[in-house]
Protein chains: 2
Amino acid sequence: MIKIGEFSRMVQVPVPTLRYYDQLGLLKPVEVDRSTGYRYYSASQMPRLHRILALKGLGFSLEQIAVVLDEGLTPEQMRGMLRLRHAQISQQLAEARNQLVEVEARLQQIEREDQLAAYDVILKQAEPLLVASIRTILPHHSAVGSLFGEVYEAIGAHTNVALWPNPGAGGQTLVLWYDCEFKEYDVDGAAAFMLRCPVPDRGRMRVHELPATTMASTVHHGPYNTIGDAHAAILTWIDANGYRIAGPDRELNLYHTMPIRLDDPAYVTEIQYPVEKVDQ
Amino acid sequence: MIKIGEFSRMVQVPVPTLRYYDQLGLLKPVEVDRSTGYRYYSASQMPRLHRILALKGLGFSLEQIAVVLDEGLTPEQMRGMLRLRHAQISQQLAEARNQLVEVEARLQQIEREDQLAAYDVILKQAEPLLVASIRTILPHHSAVGSLFGEVYEAIGAHTNVALWPNPGAGGQTLVLWYDCEFKEYDVDGAAAFMLRCPVPDRGRMRVHELPATTMASTVHHGPYNTIGDAHAAILTWIDANGYRIAGPDRELNLYHTMPIRLDDPAYVTEIQYPVEKVDQ
DNA sequence: TCTTGACTCTCAAGTAGCTTGAGGGTTTAT
DNA sequence: ATAAACCCTCAAGCTACTTGAGAGTCAAGA
């Protein structure tokens, strides 16, 4: 008969942890003194504790371990658990690798005192999005603003049904840029309204659904003519973190006034580039 | 002014999480209605939230993020945090890799219905250990038992001071095997008692300290003549998990009776092999 | 036999970052 | 006016322990 402290030293497991395992029913002492409550263990319990520690080392929860120990799993079930765990660890591994790359990229940015470090780029999943838009070749980027009126008119009678309410909140209009390379003049862009339900095409206005994708995203706060910095920051991030651009990028207007004043210093835009991981 | 639900949709962060961030002071709404308690956000808060999400994506705690956001860290401090985080992720990565190998090894063991799967091998850190031992060439493994009497006598008058109390508990004697390869006859082994304090050498008995090392360990429960299975299991594990043996292995007697009866089916032994990771 | 120090007990609270739920008030569209 | 959707606060739950308070127990030496 071994008292808890001695047992704790033998197995290198802290006393409170042994008590906790007792409480969970994972490892009950062979004997508990009725009057004092003292726990007494036996050397023959070590294989069981060893099994607990081994499974814990594999990353299983105590609950799962209890099942494995007490319900006599078939090899088939055990195989299933291990395969599941294998998948989980693989995913963790991938996440850790990405994080490592990201931290390294940030460190390098600091080392060379990069001004673009002011922008924070994150990944997010974008849902499919129904939009009404007019796409055309524009003389320069800022000319896209003038298209919104035409889109709005084309929606016409469906405005109340199809448009999102409270336009004071922002987030209902966006710009899409289709050029694969950077151009200063004659750019291929579109002005769009988000829709809650489809409306018929009219004039140059087309209704279509933007597909769900992973997006690299950042937020620009300031007048529109300085938005280039945000684009530069996000492009740098995409490159440094091992992604590639997978479609047209979007500028979501999060600013609250209508009509939009592009030179307003309080202007807020979210910039999103669809991305995919470069294999290897 | 944007209500919490709208803001939640815009930033893809659940409402309770936004409330939680408010509570922590990480992201306070620009305005809170005095009478109703309604929170109102503004688009201009998005860069801050983006920064929170970016730092969270890097694996920083909310507490750390609060410091970064509100205390205006110098680039130097930021660099320090990132480097620390870099080290942490690297370690996680290594751990995940090890776990993956271990899970794969277990899966393969199941696939070929290996009987050795009954043994659970774990890694543990062994502390430095002071022992009194007699090392010699033995005709065969089980002959080591006869050495214990001689060691005990050599400790002699120091018994009470140097030996661990309550020998009923087990875990005070061990066997060391020095052969690098498996031998059935003429094996180089030692019988040892653990000491609390040094005693003088006497006769063939020597006092020395076993160094601290990482140990691959398993427990054998049954008569001594079947202990070979446990050794086989641990050796297989060491190989499958990318380690190598880094010294003499130990058999710790965890059984509670003295003198030891090697053929007792209740006999309990912990087998430890010092190991080190094979560099890739 | 008594004392002392080491050991043990139970119970409760704290950790991180949310998630879930109960119970109740507010806003908005019909 | 009413119903649906939205918002509020507060509390508990999650994992695998860790820490601490307050009190009882054991073993060895005087």
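Below, chains carry the letters A, B, ... as their sequence lines are ordered, and counting in each starts from 1. None of these values were measured; they are calculated from a predicted model.
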In whole angstroms, how far is the P atom of dC7(D) from the OH atom of Y41(B)?
-> 10 Å
Do Q88(B) and R85(B) get their side chains close enough for a donor-acceptor pair, meaning under 3.5 Å?
-> yes
Would I2(B) and Q45(B) count as a side chain to side chain contact (heavy atoms under 4.5 Å, CB included) if you check the C-alpha gap in whole Å, the side-chain angles of each, and the deciding distance to 0.1 Å?
-> CA-CA 11 Å; I2(B) 308 163; Q45(B) 299 188 280; over 6 Å; no
Rounded distance (Å) that lies between atom P of dC17(D) and atom CG of L27(A) = 13 Å
Can you label the angle between the Y152(B) ring and the F193(B) ring as parallel, tilted or perpendicular, going by 30° and 60°?
-> tilted
Heavy-atom nearest pair, L100(B) first then S90(A), reads CD1-OG, 3.7 Å
Report, as yes or no, whether the 6.0 Å neighbourhood of atom CD on Q77(A) holds more than 12 heavy atoms from other residues, nucleotides or ligands.
-> yes
Just the table, please: protein N/O against nucleotides 8-11 of chain C N/O, every pair under 3.5 Å.
| residue | atom | partner | partner atom | Å |
| --- | --- | --- | --- | --- |
| dT8(C) | OP1 | G5(A) | N | 2.6 |
| dT8(C) | O4' | Y38(A) | OH | 3.3 |
| dC9(C) | OP1 | R39(A) | N | 2.9 |
| dC9(C) | OP1 | R39(A) | NH1 | 2.9 |
| dC9(C) | OP2 | R19(A) | NH1 | 2.1 |
| dC9(C) | O5' | R39(A) | NH1 | 3.4 |
| dT10(C) | OP2 | R39(A) | NH1 | 3.1 |
| dT10(C) | OP2 | R39(A) | NH2 | 2.9 |

Donor-acceptor pair, Q64(A) side chain versus S61(A) backbone, under 3.5 Å?
-> yes
On a heavy-atom basis, the closest approach of P75(A) and I110(B) is O-CG2, 4.1 Å
Residue pair D33(A)/Y21(A) against DNA chain D: nearer the 5' end by closest nucleotide is Y21(A)
Phosphate oxygens OP1/OP2 of dT18(D): is one of them under 4.0 Å from a side-chain N or O of T17(A)?
-> yes
Length of the CZ-P vector between R196(A) and dA5(D), whole Å | 13 Å
Go through E270(B) and T218(B) one step at a time and tell me if the side chain to side chain donor-acceptor pair (under 3.5 Å) criterion holds.
-> CA-CA 6 Å; E270(B) 177 172 349; T218(B) 196; over 6 Å; no
R34(A) has an atom CZ; how far is it from atom P of dT25(D), in whole Å?
-> 16 Å
Atom CZ of F7(B) to atom P of dC7(D): distance rounded to whole Å?
-> 13 Å
Mind calculating the distance between CG (D22(B)) and P (dC18(C)) to the nearest angstrom?
-> 14 Å
Nucleic acid contacts - residues 56-68 of chain B versus DNA chain C, non-hydrogen atoms under 4.0 Å | K56(B), S61(B), L62(B)
Apply the test side chain to side chain contact (heavy atoms under 4.5 Å, CB included) to residues V67(A) and L73(A): give CA-CA distance (whole Å), side-chain angles for both, the deciding distance (0.1 Å), then the verdict.
-> CA-CA 8 Å; V67(A) 173; L73(A) 249 49; 4.0 Å; yes
Length of the CD1-C1' vector between I52(A) and dC17(D), whole Å = 14 Å
Here the distance between atom P of dT15(D) and atom CG of L55(A), to the nearest Å, is 17 Å
